Amino acid sequence: MVIKKGKFTIEGLENVQINIDKVTSSDEEKEEPQGPTPAPDIHELRDWDMRLLKRYEPVYSPICDLCCYCTYGKCDLTGNKEGACGINMEAHQAREAMLRTLTGAAAHAGHGRHLLNHLIKRFGADHPIDVGPSDIKAPVTQTVLGIKPETIGDFVPVLDYVEEQITQLLATTHIGQEGSAIDFESKALHAGMVDHVGMEVSDIIQISCLDMPKSQADAPLVDVGMGIIDSTKPVLLCIGHNVAAVTYIMDYMDEHDLFDKIELAAICCTAHDMTRVNPKAKVVGSLSKQLKYIRSGIPDLIIVDEQCIRADMMRETSKLHIPVIATNDKVMYGLPDRSKDDIDDIIRDLASGDQPGVLLFDYDKVGELAPKLVMKMAPIRKEKGITALPSDDEFKKLASSCTQCGACVIGCPQGLEIDKAMEAAVEGNLTLFEELHDKCIGCGRCDVECPKNIPVLDVIEKASQKVIREEKGKLRTGRGQVGDPEIREEGVNLVLGTTPGVVAIIGCPNYPDGSRDVYEIAEEMLQRSYIVVTSGCSAMDIGMFKDDEGKTLYERYGGGFLKGNLLNTGSCVSNAHITATTIKVAAIFARRDITGNFEEIADYVMNRIGAVGLAWGGSTQKALSIGTGCNRLGIPVVLGPHGPKYRRAYPGKAYDKDKWNILDARNGSVHNVEPAPEHLLISAENKAELMPLLAKLCFRPGDNNLGRMLKLTHYNDLSEQSLDVLPDDWHIYVRSEADLPLAKREKLLKILEEEHGWKIDWDRKKILEGPARKVDISFQPTNVPRLCKGAVE
Amino acid sequence: MAAKELDTTRNAVPFDKANIPGPKMAKAVKAEVAGKFISKAKRPLLIVGTAAGDDGVIEIVRTMAGKGIPVAATGSSLKRLKEEGIDATYVNLHALVSYLKDPDWKGFDGKGGYDTTIFLGHTYYYASQLMSTLKNFTKIKVISIDRHYHPNAGQSFGNLKPDDFIKALDVVVAQL
Ligand code: SF4
Ligand code: SF4
Ligand code: SF4
């Protein structure tokens with residue numbers, strides 16, 4: 001029965017009249033008031049940024065000591081000197097970091113805009129948003145812009161805002177504009193925040209329109225790895241991030257029963273999104289596999305869209321007679337636009353090699369042409385006998401022609417000892433190359449450097465054929481958001497600390513020591529009951545390795561938002577769901593109003609939610625913008641040793657006590673607290689150093705005893721495991737004996753007494769004196785004075 | 001033929017070929033010069049990274065620590081140093097450069113900052129970037145006694161063969 005507004009009588013009850021004005025279900029959300037900063041302009045969250053930057057003072061590591069922006073220069077800024085326009089090194093580096101963040105934000109926003117226009121055309125602006133079982137459908141958008149989109153068309157003004165902010169921020173890099181480092185930093189944080197909005201839009205609209213998993217913990221498993229492709233079939237390889245065109249190929253292949261006849265595979269995030277739409281597709285792997293896989297000669301046709309596509313594509317593919325179809329105007333490679341031409345004519349020109357590639361913006365044509373062309377190309381390429389990698393004899397000759405000059409090593413960003421591997425290969429020992437294969441990021445710089453013109457990357461690939469054939473893993477397809485019901489269940493554990501933290505392993509494959517590390521990091525944290533969230537290339541690499549029983553982590557651990565689970569949110573743009581999860585915890589668990597209320601939510605996240613981001617192989621500008629967006633929301637991020645090339649970090653200074661004053665929202669009183677989280681953006685040199693750091697960055701001032709005890713247990717254990725010592729700062733995180741790990745309580749109390757001079761009551765095993773502060777369960781930590789009771793706005 | 005003289009100034013090009021920061025690049029120095037330079041420092045700090053695992057290198061760390069130079073163990077080097085009974089303080093290298101930049105930092109012993117940092121045994125590109133912080137934002141002297149030329153140091157060896165590297169380190173400590 002639908003109850004309408006009005007009057008009615010209930011049978012059997014005479015003279016009773018009930019007036020119903022509005023029916024509310026118990027689940028219905030309360031209408032939230034608009035917060036103080038809906039759609040904030042650059043300066044509106046500046047106070048929050050200044051709070052962050054005061055504690056986490058930016059540290060710059062210039063990669064180039066010059067400024068080459070304008071024709072006054074080049075200017076030498078070495079030693080923090082000023083250039084001709086008056087900008088100094090510090091401000092210039094802050095500007096550089098902001099610019100890189102902006103580049104990343106623009107890449108995601110540009111992607112979102114392309115997809116939004118396309119999907120509105122295809123499904124209509126009224127197409128409803130469907131992200132799964134959530135009332136809070138677009139948490140980042142709601143928090144930043146103060147609006148609650150219901151249809152995909154509602155995202156048009158959201159992207160308008162993002163684009164406006166990007167333009168305004170970009171304008172500040174022009175000569176004669178911003179000159180303050182700290183304000184460039186605030187602008188970078190703003191760019192990072194709007195990046196998460198752009199990403200959220202991109203992923204929500206594709207989830208809603210393209211029938212991708214919607215908050216699905218048990219999203220299907222798909223194959224991943226260079227060894228999974230059946231190269232006896234025609235191989236169609238898609239590369240990039242934007243699934244728009246590729247969906248037409250999948251539809252056509254489904255309609256024509258072609259999935260058995262063609263291998264449809266992808267590299268980078270299109271791979272994620274393609275398998276989210278149709279798990280029959282396969283994932284070759286991350287960005288580091290791109291050149292390697294093209295060079296293997298296995299693909300018979302390549303479709304590219306945008307982002308993370310190699311610039312040397314046409315040179316590489318032309319050599320191997322692999323046609324390229326470019327489908328997005330961000331990457332056009334100087335190719336002719338054949339969108340208006342007849343499909344058969346295009347196929348003829350590509351198959352004959354008259355044209356190495358074409359632009360095709362008509363996706364109906366892409367959908368039909370690609371399967372047809374790949375089936376035509378496979379026999380042609382086979383007949384031509386195109387074998388990309390050197391034969392056994394050629395391999396020996398190439399390895400023997402190496403003079404061990406070391407030019408390739410000096411050119412290699414990883415400093416890999418290619419010369420030694422060549423020497424061993426001549427002796428018939430391929431193990432050095434096999435080890436090198438996983439560490440090699442497939443950039444091809446070694447080829448360019450070799451004075452003997454040895455195609456070094458081909459040699460690595462040839463030598464590693466055995467391990468490549470075995471590269472077969474499983475990936476859980478991107479599940480999208482974390483749903484409200486999951487937050488209701490797990491949020492309390494996370495805030496109270498029975499779940500010790502969330503570790504988000506995101507980003508690119510520029511790892512210092514091979515992709516196995518991300519697998520091992522994930523495994524260790526999962527075994528310790530952390531929630532591990534992943535996305536992008538890291539998500540693929542985590543799925544590449546197996547335990548003794550041949551199982552990958554995705555097969556061993558659940559995919560729900562529960563302690564000890566492994567969640568793949570999806571492609572790069574689904575990183576927004578990671579920040580969104582923390583917002584949802586604030587909204588659902590802590591009942592904070594999120595609408596247009598960024599600062600309060602960021603403050604809550606920073607003080608309460610033990611989440612840490614890890615971009616272990618972060619290389620792209622997008623990885624920086626994702627990290628910077630996390631930072632503005634109060635989530636610390638760790639980078640691998642390539643990370644300082646982003647030029648700026650936000651380390652904290654634990655020893656500077658003044659930096660760790662915090663307010664109690666109950667009465668505005670000031671408390672000096674432990675340094676938690678100690679850093680906002682920091683790097684680590686290797687995995688062993690990283691592990692305790694991850695655990696440490698999950699400490700929060702709002703931890704209760706149980707939470708702190710668990711976090712401290714893992715921090716101490718991981719430090720002993722990796723560095724062979726208890727960390728020298730563990731004691732500063734102890735507020736009472738209840739914070740101490742139970743099993744080691746006595747031993748640790750002894751250390752506190754003997755090494756730190758604390759007073760212990762040994763009968764009661766209680767700490768009498770020592771801790772910097774006592775734990776108080778109703779303490780409400782905040783960094784924002786206006787949020788304190790009685791504060792005057 | 002006389003034994004070839006050890007010259008640590010040769011081949012002074014960035015080990016990462018394109019790692020050319022600008023007009024100011026490290027002076028390539030002989031091992032004796034590096035040693036003398038360190039011996040003159042009032043408050044030196046030896047910063048040892050994860051790659052310092054070789055026995056020869058560890059011996060040098062031991063000798064330098066024995067001469068009273070405090071050792072900062074970055075990355076995961078602490079484990080190895082501890083096994084060798086060498087006293088060192090663990091610190092994250094990225095955090096350490098931010099401390100060194102701070103005029104109010106009192107050092108590991110609480111007695112004040114350091115005037116000279118000596119880098120040994122690091123992941124090349126990682127250390128290079130963090131030396132860049134010291135070079136551009138502090139007055140602290142940076143001397144690399146690593147195997148590869150570090151343009152962002154104040155003084156560095158050129159790119160050395162492994163044997164020459166150990167010989168060079170011996171010469172350095174002989175000056176202390
Ligand atoms: S392709 Fe691999 S081995 Fe060659 S330079 Fe790049 S990372 Fe080094
Ligand atoms: S650059 Fe070429 S010749 Fe020199 S070591 Fe490398 S592979 Fe050998
Ligand atoms: S994770 Fe990084 S490398 Fe991988 S697809 Fe995304 S941006 Fe590109």
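All values derive from a computational prediction rather than experimental measurement. For the numbers below, each heavy atom of this structure counts, side chains included, while hydrogens, waters and symmetry mates do not.
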(message) Using heavy-atom distances under 4.5 Å, tell me whether A:P727 contacts chain B through its side chain, its backbone, both, or neither.
(response) neither
(request) Against chain B, label A:L77 side chain, backbone, both or neither, depending on which of its atoms sit under 4.5 Å from a heavy atom there. (result) backbone
(message) Among A:G411, A:P413, A:A688, which residue has the highest count of heavy-atom pairs closer than 4.5 Å to chain B?
(response) A:P413
(request) Might you point out which heavy atoms bring A:G415 and B:F15 nearest each other, and give the distance in Å? (result) CA-CE2, 4.3 Å
(request) May I ask you to name which of A:L66, A:L693, A:I63 has the most heavy-atom pairs under 4.5 Å with chain B? (result) A:I63
Give every donor-acceptor pair between chain A and chain B closer than 3.5 Å, one pair per line, or write none.
from: A:Y60; atom 1: O; to: B:T133; atom 2: OG1; distance (Å): 2.8
from: A:S61; atom 1: O; to: B:Q129; atom 2: NE2; distance (Å): 2.7
from: A:P62; atom 1: O; to: B:S132; atom 2: OG; distance (Å): 2.6
from: A:D65; atom 1: N; to: B:P21; atom 2: O; distance (Å): 2.7
from: A:D65; atom 1: OD1; to: B:N136; atom 2: ND2; distance (Å): 3.3
from: A:D65; atom 1: OD2; to: B:K135; atom 2: NZ; distance (Å): 2.8
from: A:G79; atom 1: N; to: B:N136; atom 2: OD1; distance (Å): 2.9
from: A:N80; atom 1: N; to: B:N136; atom 2: O; distance (Å): 3.2
from: A:I410; atom 1: O; to: B:K17; atom 2: N; distance (Å): 3.0
from: A:E449; atom 1: OE1; to: B:K17; atom 2: NZ; distance (Å): 2.8
from: A:H642; atom 1: NE2; to: B:Y125; atom 2: OH; distance (Å): 3.2
from: A:P644; atom 1: O; to: B:Q129; atom 2: NE2; distance (Å): 3.1
from: A:Y655; atom 1: OH; to: B:D102; atom 2: OD2; distance (Å): 2.6
from: A:S683; atom 1: N; to: B:H94; atom 2: ND1; distance (Å): 3.4
from: A:S683; atom 1: O; to: B:N92; atom 2: ND2; distance (Å): 2.8
from: A:S683; atom 1: O; to: B:Y126; atom 2: OH; distance (Å): 3.4
from: A:S683; atom 1: OG; to: B:H94; atom 2: ND1; distance (Å): 2.6
from: A:S683; atom 1: OG; to: B:Y126; atom 2: OH; distance (Å): 2.9
from: A:E685; atom 1: OE2; to: B:T50; atom 2: N; distance (Å): 3.3
from: A:E685; atom 1: OE2; to: B:T50; atom 2: OG1; distance (Å): 3.4
from: A:E685; atom 1: OE2; to: B:T123; atom 2: N; distance (Å): 3.3
from: A:E685; atom 1: OE2; to: B:T123; atom 2: OG1; distance (Å): 3.2
from: A:N686; atom 1: ND2; to: B:S76; atom 2: OG; distance (Å): 2.7
from: A:E689; atom 1: OE2; to: B:G75; atom 2: N; distance (Å): 3.4
from: A:E689; atom 1: OE2; to: B:Y90; atom 2: OH; distance (Å): 2.6
from: A:D724; atom 1: O; to: B:K82; atom 2: NZ; distance (Å): 2.9

(message) List the residues meeting side chain to side chain contact (heavy atoms under 4.5 Å, CB included) with B:A174, not counting sequence neighbours, and say none if there are none.
(response) none
(message) Does any backbone or side-chain atom of A:P651 lie under 4.5 Å from a heavy atom of chain B? Answer side chain, backbone, both or neither.
(response) side chain
